[in-house]
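The next block holds one structure in the form of structure tokens; read it before the comments.
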Amino acid sequence: MLDLKFIRENFEKVQKAVKDRHDSVDLSKFTSLEVERRALLAQVEKLKARRNSVSQEIAQIKKNKGNAEAKITEMREAGAEIKKIDDKVRQVEEALLQIQSFIPNIPHSSVPVGAGETDNVTIKTWGEIPKSNFVLKPHWEIAENLGLIDFEGGARVAGSSFVTFTGKGAKLARALINFMLDLHVEKHGYTEISPPFVVNRQTMFGTGQLPKFEDDAYRIDPDDLFLIPTAEVPVTNLLAGKMLSAQEMPILYTAYTPCFRREAGAYGKDTKGLMRLHQFDKVEMVKFVDPETSWDEHEKLLKDAEDVLQALELPYRVLNLCTADIGFSAAKCYDLEVWSVGVDRWLEVSSCSNFEAFQARRANIRFRREKGAKPEFVHTLNSSGLALPRTIIAILENYQQADGSVKVPKVLQGFIGAEVLR
RNA sequence: GGAGAGGUGGCUGAGCGGCUGAAAGCGGCACCCUGCUAAGGUGUUAUACUGGUAACGGUAUCGAGGGUUCGAAUCCCUCCCUCUCCGCCA
């Protein structure tokens, strides 16, 4: 969320950001509501000041056994008036918050302005696309042949786009989780977190999923809780409401969680295999940093995610997403896309974002630069490191062999206890 | 799920409906004292919004939201969370 004062004082900048993002939030009422809010505040606070001082007088009069009836009657009327204006203020502020919480973050100056995914800029390509002298299969065929995934079983117990990993397939998933967590903890200095997979409404608001994207989330009705769409949500909000000190930053967390997404509006898209699922596993990295360092930290974060793909020896590219494609809460976002030979396309396996103070303001995560200094909002960042299903697609397809077996990437062999899946 | 206790500032912890934005202590900061260290003294030490060029004001905030009252940290209601005991359970 952007700061109310910032929006007021930089209204054109905000309008431009909304336009560049092709976002539809309606800002037309913002200014008049803002003006009205301050006029009402001035009015009601004056009345309250008078009430406070007269109440003091009443206390004095009573102490001296005097008669305060006239003043009490006057204040009774003032009280009614205050209540009326307070109600009005509440309404105006609600309307204002409604607009405010739908305004996306301002894109960083290094974000290309664009209208869609074709305007994303490829800034790096890494690795060799494997060549083969046999006919390459898509991952769903490989997985079925080797008994790694039960697609029908998942559909039977939950519905379409839910899958079940079986045998070596389940072990491959677990190996990837362990490998990634170990890498981030031991090589990159993150602290491992295992958070709740279910969160409350306030938490979903904190990272920007609500109110705008409620339809995308699975909601547990009787308790009004949500299945997490990404570990970003519980892990970032772990520090909600906290006052941090400058010395303890940057704080680096990594977490494995399943992720649940309704994918409303995406029906019929990528329905085959593991491309798009309602539930998938992901290892996530989250950073809480000093605003002065957040852009450096963003580049480092990208590197930490790239390390996973490099260790797995999977070819990938890095995109600097354009204004139309970056997420609602992000100021800038890199996507990592792995190349997979079976489906013959780039697959997004990671989004690496800097949210600046946008989430910290919603979740109220602050720090003091030094003792006695004014509190400031931290900057939050996160990156997948990585999402499992598409990583598994790339492993199965890129490492497949003519006999139908799949070589195990070197770094995973110890975790799986095999060099080849057959 | 049942019974009880409790949620106050960075922390600990007081708080008869008005003099409490909140005692006291700890911690922090500044200054003083001291040959160094240790100790001591004095002062200072919340956040947000709002008015003002500023100086400096105003309002709100004691888990959250309502209510009673001229006036609520203090009384009433609802909810949330923590702890203890019981029940149930991986």
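A:Ala324 and A:His22 get closest at one heavy-atom pair: CB-ND1, 3.8 Å. Heavy atoms only, all atoms of each residue included: A:Ile58 and A:Ala68 are closest at CG2-CB, 4.0 Å.
Taking the side chain as every heavy atom from C-beta outward, A:Val121 and A:Leu319 never approach each other to under 4.5 Å. Between A:Glu292 and A:Asp290, some side-chain heavy-atom pair lies under the 4.5 Å cut-off.
For the contact set between residues 64-83 of chain A and RNA chain B, defined by any heavy atom under 4.0 Å, the members are A:Ile72, A:Met75, A:Arg76, A:Lys83.
Listed candidates were B:G71, B:U50, B:C19. Nearest to the side chain of A:Gln56 is B:C19. For A:Asn52, taking side-chain heavy atoms from C-beta onward, the closest of the listed nucleotides B:A60, B:C49, B:C70 is B:A60. Nearest nucleotide to the side chain of A:Arg366, out of B:A48, B:A60, B:A46: B:A48.
Sorted by first then second residue, the salt bridge (Lys or Arg N to Asp or Glu O under 4.0 Å) pairs that include residues 29-40 of chain A, not counting sequence neighbours, are A:Arg8-A:Glu34, A:Glu34-A:Arg37, A:Glu34-A:Arg38, A:Glu36-A:Lys88, A:Arg37-A:Glu93. Pairs passing the ring pair (Phe, Tyr, Trp, His ring centres under 6.0 Å) check and including a residue from residues 58-91 of chain A, sequence neighbours excluded, do not occur. Sorted by first and then second residue, the ring pair (Phe, Tyr, Trp, His ring centres under 6.0 Å) pairs involving residues 90-114 of chain A (not counting sequence neighbours) are A:His108-A:Trp295. Among residues at least two apart or in separate chains, there is no salt bridge (Lys or Arg N to Asp or Glu O under 4.0 Å) pair with a member in residues 389-398 of chain A.
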Which atom pairs, donor and acceptor, lie under 3.5 Å between side-chain atoms of residues 345-354 of chain A and protein residues at least two apart or in another chain?
residue: A:Arg345; atom: NH1; partner: A:Asp270; partner atom: OD1; Å: 3.3
residue: A:Glu348; atom: OE2; partner: A:Ser351; partner atom: OG; Å: 3.0
residue: A:Ser350; atom: OG; partner: A:Ser383; partner atom: OG; Å: 3.2
residue: A:Ser350; atom: OG; partner: A:Ser384; partner atom: O; Å: 2.8
residue: A:Ser351; atom: OG; partner: A:Asp335; partner atom: OD1; Å: 2.7
residue: A:Asn354; atom: OD1; partner: A:Glu356; partner atom: N; Å: 2.8
residue: A:Asn354; atom: ND2; partner: A:Ser294; partner atom: OG; Å: 3.1

Distance-only donor-acceptor pairs under 3.5 Å for side chains of residues 165-177 of chain A, two or more places apart:
residue: A:Thr166; atom: OG1; partner: A:Gly147; partner atom: O; Å: 2.9
residue: A:Thr166; atom: OG1; partner: A:Leu148; partner atom: O; Å: 3.4

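Heavy atoms of A:Leu41 sit under 4.0 angstrom from primed sugar atoms or phosphate atoms, though from no base atom. Counting non-hydrogen atoms under 4.0 angstrom, A:Lys46 reaches nothing in the nucleic acid.
If you take CD of A:Glu45 and C1' of B:U59, they are 4 Å apart, rounded to a whole angstrom. Following rounding to the nearest Å, A:Arg50 (CZ) and B:G71 (P) show an atom-to-atom distance of 14 Å. Between the C1' atom of B:G27 and the CD atom of A:Gln247 lies a distance of 14 Å, rounded to the nearest Å. Spacing between atom CZ of A:Arg361 and atom P of B:A48 amounts to 12 Å, rounded to whole angstrom units. The CD-P distance, from A:Gln202 to B:G63, rounds to 18 Å in whole Å. Note: CG (A:Asp86) to P (B:C49) measures 18 Å, nearest angstrom. Rounding to whole angstrom units, CD1 of residue A:Ile365 and C1' of B:U47 are separated by 17 Å. Taking atom CD on A:Glu376 and atom P on B:U47, their separation rounds to 12 Å, with Å as the unit.
Nucleotides B:C79 and B:G1 are separated by 12 Å at their P atoms, to the nearest Å. Using P as the reference atom, B:U45 and B:C83 are 36 Å apart when rounded to the nearest Å. For the C1' atoms, the distance linking B:G63 with B:G9 amounts to 14 Å, nearest Å. Nucleotides B:G43 and B:A38 have their P atoms positioned 23 Å apart, rounded to a whole Å. For the C1' atoms, the distance linking B:G35 with B:A39 amounts to 15 Å, nearest Å. Between B:U53 and B:C62, the distance separating the two P atoms is 32 Å to the nearest Å. Comparing the same atom, P, in B:C75 and in B:G25 gives a spacing of 27 Å after rounding to whole Å. Taking atom C1' in both B:G17 and B:C11, one finds a spacing of 29 Å when rounded to whole Å.
In terms of phosphate contacts, A:Lys242 brings no side-chain nitrogen or oxygen within less than 4.0 Å of OP1 or OP2 of B:G10. Neither OP1 nor OP2 of B:C49 sits under 4.0 Å from any side-chain N or O of A:Arg37.
Using cut-offs of 30° and 60° on the angle between ring planes, the pair A:Tyr253 and A:Phe288 is perpendicular.
Each of A:Ser53 and A:Glu93 has a nearest nucleotide on RNA chain B; the 5'-most of these lies closest to A:Glu93.
Partners of A:Gln56 by side-chain hydrogen bond (donor to acceptor under 3.5 Å, both in side chains), not counting sequence neighbours: none found. By the side-chain hydrogen bond (donor to acceptor under 3.5 Å, both in side chains) test, A:Asp307 is found to be paired with A:His188, residues two or more places apart in sequence or in another chain being considered.
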> Dot-bracket for RNA chain B, 5' to 3', with Watson-Crick and G-U pairs under 3.5 Å, [ ] for crossing pairs and | for other-strand pairs: what is it?
Replying inline: ((((((((.[[[..)..(.....]]]((((((.......))))))((((((....)))))).[[[[[..)....]]]]])))))))....

Contact list (N/O, under 3.5 angstrom) for nucleotides 72-82 of chain B vs protein:
none

Protein and nucleotides 51-56 of chain B: nitrogen or oxygen contacts under 3.5 angstrom:
residue: B:G51; atom: OP1; partner: A:Arg38; partner atom: NH1; Å: 3.3

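In terms of modelled atom types and a separation under 3.5 Å, the side chain of A:Thr254 and the main chain of A:Glu284 share a donor-acceptor contact.
The only option from A:Arg369, A:Arg361, A:Arg366 that meets the salt bridge (Lys or Arg N to Asp or Glu O under 4.0 Å) definition with A:Glu376 turns out to be A:Arg369.
Two rings, from A:Phe328 and A:Phe213, have their centers less than 6.0 Å apart.
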